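Data block below; observations after.
All values reported here derive from a predicted model rather than from experimental measurement.
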Amino acid sequence: MRADLFLVPSPVVEQRLAGKTLVLIDVLRASTTICQALKAGARAVIPVSEPGEAAEMRAKIGAETGILGGERQGIKIENFDLGNSPLEYTEEKVKGKTVILTTSNGTRGYARGSTSKLTITGALANISLVAQKVADAGQDLVILCAGQDGAFSIEDTLCGGMILHKLQSEIKIEMELNDAASLALLLYRSNIRSLKQTIARGEHGRFLRKLGFENDVDLASEIDAIPVLPVLKDSRIILEQE
Ligand code: MLT
């Protein structure tokens with residue numbers, strides 16, 4: 001299997017996706033929030049880039065089913081129902097609803113999902129299911145790390161590295177890696193016993209702690225804490241079993 005990882009969203013990726021599996025990673029926090037919303041019974045999550053688009057989408061699907069979630073600078077967007085803290089996405093708030101989500105970085109990557117054969121939301125919270133699905137799909141893999149405002153982020157790269165580690169060392173798939181994938185694998189293997197600390201000390205971990213979201217960082221760093229498999233179907237993220 002060929003596996004290419006991109007440390008930051010890159011325009012090159014779009015030409016390389018046809019027929020492949022795409023894993024979109026934003027550990028802090030969009031991917032973790034998507035997993036949590038679906039686990040709590042949301043029907044679907046619709047990822048959009050801008051708050052205005054989110055409001056238009058809700059007008060289209062109706063205020064009884066559509067709820068608005070998202071952040072800018074880590075804080076809930078004005079007039080939105082929910083922010084981007086996975087812990088806000090409880091059954092009480094989202095069960096049976098369609099969440100329209102816009103975040104600073106994480107939800108932007110989903111527009112690329114139209115060219116890939118399979119698009120999966122990847123986080124540490126669902127990592128074992130993601131690795132197994134990638135293996136079962138059997139096609140080449142592209143891992144796209146959301147990063148932070150166009151810059152590298154350590155938690156997304158660690159998560160990408162851990163997926164590759166699982167594929168290579170646990171599921172025993174032979175892989176041909178690009179250099180960024182090799183780097184992610186090395187980064188993960190040298191942090192195997194200190195993942196939580198490394199993430200908490202990273203830029204985004206520190207930023208979220210300052211805003212009072214330390215519980216989000218803890219949850220997002222917990223391996224397989226939210227064992228669901230969100231996949232993109234017709235521009236909506238749903239649980240794979242549907
Ligand atoms: C993002 O998309 O940049 C993140 O999910 C931001 C956040 O932590 O809320």
- Judged by atom type as modelled, is there a donor-acceptor pair below 3.5 Å linking the side chain of Asp4 to the main-chain atoms of Ala180? no
- Say whether, by atom type as modelled, one donor and one acceptor occur between the side chain of Gln36 and the main chain of Tyr89 under 3.5 angstrom. yes
- Can you find a pair of side-chain heavy atoms, one from Thr121 and one from Ile237, that are under 4.5 Å apart? yes
- Item | Path from Phe80 to Leu82 over hydrophobic side-chain contacts below 4.5 Å | no
- Query: Under 4.5 Å between any side-chain heavy atoms of Leu141 and Leu22, yes or no?
  - Reply: no
- Message: I'd like to know if the side chain of Tyr110 pairs up with that of Ser49 as donor and acceptor (distance under 3.5 Å, no hydrogens or angles considered).
- Response: no
- Message: If we ignore hydrogens and angles and just use 3.5 Å, is the side chain of Asn191 paired with the main-chain N or O of Leu158 as donor and acceptor?
- Response: no
- Message: Any non-hydrogen side-chain atom of Ile199 less than 4.5 Å from a side-chain atom of Leu124?
- Response: yes
- Decide yes or no on side chain to side chain donor-acceptor pair (under 3.5 Å) for Asp156 and Ser153, but give the supporting numbers first. CA-CA 6 Å; Asp156 294 341; Ser153 89; 3.0 Å; yes
- Message: Is a donor from one side chain sitting under 3.5 angstrom from an acceptor on the other, for Thr103 and Asn84?
- Response: no
- Would you check if the side chain of Lys172 reaches a backbone N or O of Gln168 as a donor-acceptor pair within less than 3.5 Å? no
- Query: Got a salt bridge between Glu71 and Lys76, using NZ or NE/NH1/NH2 to carboxylate O under 4.0 Å?
  - Reply: no
- Query: Should Ser169 and Arg189 be marked as a side chain to side chain donor-acceptor pair (under 3.5 Å) after you check the CA-CA gap, both sets of side-chain angles, and the distance that decides it?
  - Reply: CA-CA 11 Å; Ser169 302; Arg189 285 178 176 159; 3.0 Å; yes
- Taking the side chain from Asn105 and the backbone from Ala146, do they hold a donor-acceptor pair closer than 3.5 Å? no
- Steps toward side chain to side chain contact (heavy atoms under 4.5 Å, CB included) verdict (Thr115, Arg16): CA-CA 9 Å; Thr115 46; Arg16 295 204 188 168; over 6 Å; no
- Message: Can you tell me which residue among Leu68, Ile100, Thr102, Asn79 is in a side-chain contact (heavy atoms from CB on, under 4.5 Å) with Pro51?
- Response: Thr102
- Task: Quickly, which of Asp26, Thr33, Val27 forms a side-chain contact (heavy atoms from CB on, under 4.5 Å) with Arg29? Name it, please.
- Result: Thr33
- Is a side-chain N or O of Lys93 found less than 3.5 angstrom from the main chain of Ile67, in a donor-acceptor match? no
- For Val23 and Gly122, the nearest pair of non-hydrogen atoms, with its separation, is CG1-CA, 3.9 Å
- Closest non-hydrogen atom pair, Arg201 against Arg206: O-NH1, 2.8 Å
- Message: Is any side-chain heavy atom of Leu164 closer than 4.5 Å to one of Tyr188?
- Response: no
- Message: Using side chain to side chain contact (heavy atoms under 4.5 Å, CB included), reason through Val231 and Thr119 one step at a time and then give a plain yes or no.
- Response: CA-CA 6 Å; Val231 292; Thr119 299; over 6 Å; no
- Before accepting this row, confirm whether a basic side-chain N of the pair Arg72/Glu78 lies closer than 4.0 Å to the acidic partner's carboxylate O. no
- Message: Strictly below 4.0 Å, N to O, side chains only: are Arg58 and Asp81 in salt-bridge contact?
- Response: yes
- Determine, using the 4.5 Å side-chain heavy-atom cutoff (strictly less than), whether Val94 and Val48 are members of one ILVMFWY cluster. no
- Message: To check you understand the geometry: which heavy-atom pair defines the closest contact between Leu5 and Ala184, and what is its length?
- Response: CD1-CB, 3.7 Å
- Any side-chain heavy atom of Thr90 sitting closer than 4.5 Å to one from Lys95? no
- Message: Check this for me: Asp136, atom CG, are more than 12 non-hydrogen atoms of other residues, nucleotides or ligands nearer than 6.0 Å?
- Response: yes
- Task: State, with a plain yes or no, whether a side-chain heavy atom of Cys35 is found less than 4.5 Å away from one of Pro230.
- Result: yes
- Message: I need the single residue from His204, Glu203, Gln148 that forms a side-chain contact (heavy atoms from CB on, under 4.5 Å) with Glu155. Which is it?
- Response: His204
- Note on the structure: Heavy-atom nearest pair, Ala137 first then Thr21, reads CB-OG1, 3.8 Å
- Message: What's the separation between atom CG in Leu219 and atom CZ in Phe213, rounded to the nearest 0.5 Å?
- Response: 13.0 Å
- Message: Does this structure show an ion pair linking Arg209 with Glu214, if we count only N-O contacts that are shorter than 4.0 Å?
- Response: no
- Message: When you measure from the side chain of Asn126 to the backbone of Ile226, do you find a donor-acceptor pair of N or O atoms at a distance under 3.5 Å?
- Response: no
- Task: Please report the closest heavy-atom contact between Thr65 and Arg43, naming both atoms and the distance.
- Result: CG2-NH2, 3.8 Å
- Looking only at heavy atoms, which two atoms of His165 and Leu185 are closest? And how far apart? N-CD1, 3.4 Å
- Task: Using a 4.5 Å cut-off on heavy atoms from C-beta on, say whether the side chain of Asp216 contacts that of Leu28.
- Result: no
- Item | Flag, side chain of Asn178 to backbone of Ala181, donor-acceptor distance under 3.5 Å | yes
- Query: Would Glu240 and Lys133 count as a salt bridge (Lys or Arg N to Asp or Glu O under 4.0 Å) if you check the C-alpha gap in whole Å, the side-chain angles of each, and the deciding distance to 0.1 Å?
  - Reply: CA-CA 10 Å; Glu240 208 246 345; Lys133 182 69 187 175; 2.6 Å; yes
- Task: Find out whether Ile223 and Ile127 are in side-chain contact, i.e. whether some heavy atom of one side chain is under 4.5 Å from a heavy atom of the other.
- Result: yes
- Task: Mark yes or no for whether Arg236, through its side chain, and Leu232, through its backbone, hold a donor-acceptor pair below 3.5 Å.
- Result: no
